[in-house]
Chemist: 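Handing you this structure, nothing more for now.
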Amino acid sequence: MKNAFRQSMGWLHTWAGLIVGWLLFFLFLTGTLGYFDTEIDRWMQPERPLFEAAVPSSEILAMAIDKLKVAAPGADRWVVRPPFGRESTDLIVSWRGASGEAGKNGTTSFYPSTGEEVNYRKTGGGQLLYRMHYRLHYLPAVAAYWIVGICTMIMFVAIVTGVIVHRRIFKDFFTLRWGGRQRSWLDAHNVLAVLVLPFHVMITYSGLMFFAYLYMAPVMQATYGVGEQNRTVYFDELFGRAPTVERVGRLAELASFDAIVADAEHRAQGEVLYVEVHQPGDANARIYIIAGGRGASRYFTRLLYNGVSGELLQSYKPPSAVKTFYDIVLALHEGLFAGTFLRWLYFITGLLGTAMIGAGLVLWTVKRRDKIGDTFGFNLVERLNIATVAGLPAAIVVFFLANRLIPAAMEGRAAWEAHTMFIAWAILLLHALVRPARRAWIEQIWIAAAICLLLPVVNALTTDRHLGVTLPAGDWILAGFDLTILAFGIVFAATAWKLTARRIFKEARA
Amino acid sequence: VIVSGLLLSVLGMGFLALAMRRHHRQVFRRDPKRFVTIAFRMAGMSSLILCLLACAEAWGWPIGSVAWFGMLSVGALCIVGMLAIRSGKVA
């Protein structure tokens with residue numbers, strides 16, 4: 001009875017894992033890179049100045065309001081996102097319903113240190129990679145969310161069944177045996193899964209929570225009713241959006257920001273992160289401010305001010321316990337609170353998760369090579385494995401290469417960066433399909449190694465943000481990117497070299 | 001504090017591994033005595049708890065506990081790597 005249960009769980013684990021394994025590998029790898037999304041952004045925008053002097057937030061806000069007065073007079077709403085922390089280095093202003101020359105609605109970004117409009121090349125940057133891990137690419141958003149959600153659910157199933165199937169979690173806790181091919185892959189898959197199990201469970205569970213309101217829409221509709229209007233009510237309540245106000249038609253000068261910012265920062269014990277000005281220039285103007293520090297939960301103080309007198313009108317309630325739980329779960333997933341060291345831990349555990357999936361996929365083929373090694377299904381799985389495990393990392397580095405090689409002024413270059421990545425991936429898939437499997441593995445890992453090692457060189461040839469400049473300047477974000485890619489290149493090269501050596505040895509013996 | 005936390009995690013996982021018969025034999029080539037096993041286990045546990053305290057010291061409890069899990073994973077991985085390399089050489 002017990003064995004039958006374990007066997008059926010094993011069956012479920014094998015096939016559930018296989019079906020979504022390739023996509024999960026993609027989600028995990030792009031998601032892991034997402035922990036360094038802004039750092040990657042920075043690297044993909046080499047035009048940005050090396051160092052930017054910090055400017056006090058009241059000065060930045062004053063600058064933003066000046067820009068908005070010129071660009072978007074008569075707007076219904078101005079939105080200001082000052083730079084903060086590692087997540088955003090630009091000052092971003094946008095407006096809705098303006099009557100100025102800059103258009104009705106619009107967004108502009110500025111360097112906070114100089115007030116100049118940003119002028120870096122158009123790029124999807126790290127944000128694009130990050131977005132791919134829940135939004136995929138080339139697909140409508142809602143379809144992508146559903147696909148990712150279903151895969152995540154299956155991942156959860158695979159985790160639970162995996163724990164059941166794995167009989168000796170504690171006994172084999174540290175076990176990684178060389179030699180036996182199947183034994184080693186199984187050990188690797190187990191060790192990677194067990195050691196990082198808290199991360200796997202957390203990331204999968206929280207991943208599901210992100211779009212819970214999409215997957216569980218009927219629950220929401222049961223309370224709030226169906227239809228667009230009720231949806232808006234729900235989201236206003238959930239995310240605490242500022243209510244809109246009407247114009248009264250009398251002109252009035254906007255209140256000075258200095259006092260309001262000082263008050264908000266005092267109340268929140270943190271920086272101003274977000275400002276909305278409703279009906280600027282009107283007597284009924286409102287200023288809505290979100291401010292706060294970065295804790296484990298994403299709890300921010302939200303304040304509403306009278307836009308003319310500067311008097312505080314409302315301080316929003318702290319969120320409910322349920323919402324706080326939701327926020328904490330999401331915060332755990334994103335790790336936005338993480339400093340440099342913790343961010344690296346996230347990155348490493350993410351890579352381990354990716355490797356765990358890769359090892360699982362390879363294990364499937366190793367286990368079955370003797371029995372069904374020449375069937376069509378087996379070949380398909382093996383080729384897809386090669387193109388995913390070895391090909392995808394290579395394709396992502398091609399994305400970075402494209403960032404340097406596509407002319408900075410080209411029309412639609414941001415889209416072409418992504419196209420290049422997927423074209424490269426398609427070529428690698430084709431390559432995996434036509435070459436003998438064993439060769440294809442070795443060749444693709446060599447390709448990945450070559451591209452990784454090439455990237456810093458290309459970077460040095462095309463920009464002046466290469467290691468020769470960034471290392472002496474102590475810019476660890478830029479230098480860290482190049483060094484990390486180099487390290488990956490070395491790991492790939494070592495792997496490929498070892499595989500090649502083993503192959504030659506085998507051929508010599510045969 | 002962060003570095004010492006990481007070291008504590010590696011150390012603690014190492015002790016725990018040595019408390020297990022298989023890995024003890026791998027390293028010392030003989031079966032562990034009963035009290036040795038218990039001593040290693042105690043040492044391992046207390047290192048890991050110290051590691052948690054170090055994390056809490058460095059980041060405060062909420063974030064520190066998250067960091068602790070990360071440190072445990074990385075520490076255990078180091079030990080797995082070391083044991084694997086060692087057994088690779090022996091075999």
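Scope of the values below: all heavy atoms of this structure, side chains included, with no hydrogens, waters or symmetry mates. Here is the naming used below: chain letters follow the sequence lines, and residue numbers restart at 1 for every chain. Since this is a predicted model, take the numbers as computed values, not measurements.
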Chemist: For the residue pair A:Val196 and B:Phe69, establish whether any side-chain heavy-atom pair is separated by less than 4.5 Å.
Modeler: no
Chemist: Can you tell me which portion of B:Arg21 sits under 4.5 Å from chain A's heavy atoms? Options are side chain, backbone, both or neither.
Modeler: neither
Chemist: Measuring from B:Ile2:CD1 to A:Leu345:CG, what's the distance to the nearest 0.5 Å?
Modeler: 9.0 Å
Chemist: Quick one: CG on B:Leu77 to CG on A:Leu352, what's the gap to the nearest 0.5 Å?
Modeler: 5.5 Å
Chemist: Which bit of A:Leu195 comes within less than 4.5 Å of chain B, counting heavy atoms only: side chain, backbone, both or neither?
Modeler: both
Chemist: Step by step, work out the side-chain contact (heavy atoms from CB on, under 4.5 Å) result for A:Leu342 and B:Ile63.
Modeler: CA-CA 9 Å; A:Leu342 200 49; B:Ile63 293 178; 3.4 Å; yes
Chemist: Between B:Leu6 and chain A, with a heavy-atom cut-off of 4.5 Å, which part of the residue counts as in contact: side chain, backbone, both or neither?
Modeler: side chain
Chemist: Taking side chain as everything from C-beta outward and backbone as N, CA, C, O, which of these in A:Phe199 sits under 4.5 Å from a heavy atom of chain B? Side chain, backbone, both or neither.
Modeler: neither
Chemist: If you draw a 6.0 Å radius around CZ in A:Phe341, do more than 12 non-hydrogen atoms from other residues or ligands fall strictly inside?
Modeler: yes
Chemist: More than 12 heavy atoms of other residues, nucleotides or ligands under 6.0 Å from CZ of A:Arg502: yes or no?
Modeler: no
Chemist: Do other residues, nucleotides or ligands put more than 12 heavy atoms under 6.0 Å from the CH2 atom of A:Trp497?
Modeler: no
Chemist: Tell me, out of B:Ala76, B:Gly60, B:Gly70, B:Gly81, who's got the most heavy-atom pairs with chain A below 4.5 Å.
Modeler: B:Ala76
Chemist: Taking every non-hydrogen pair under 4.5 Å, which of B:Val74, B:Val80, B:Leu72 racks up the most with chain A?
Modeler: B:Val80
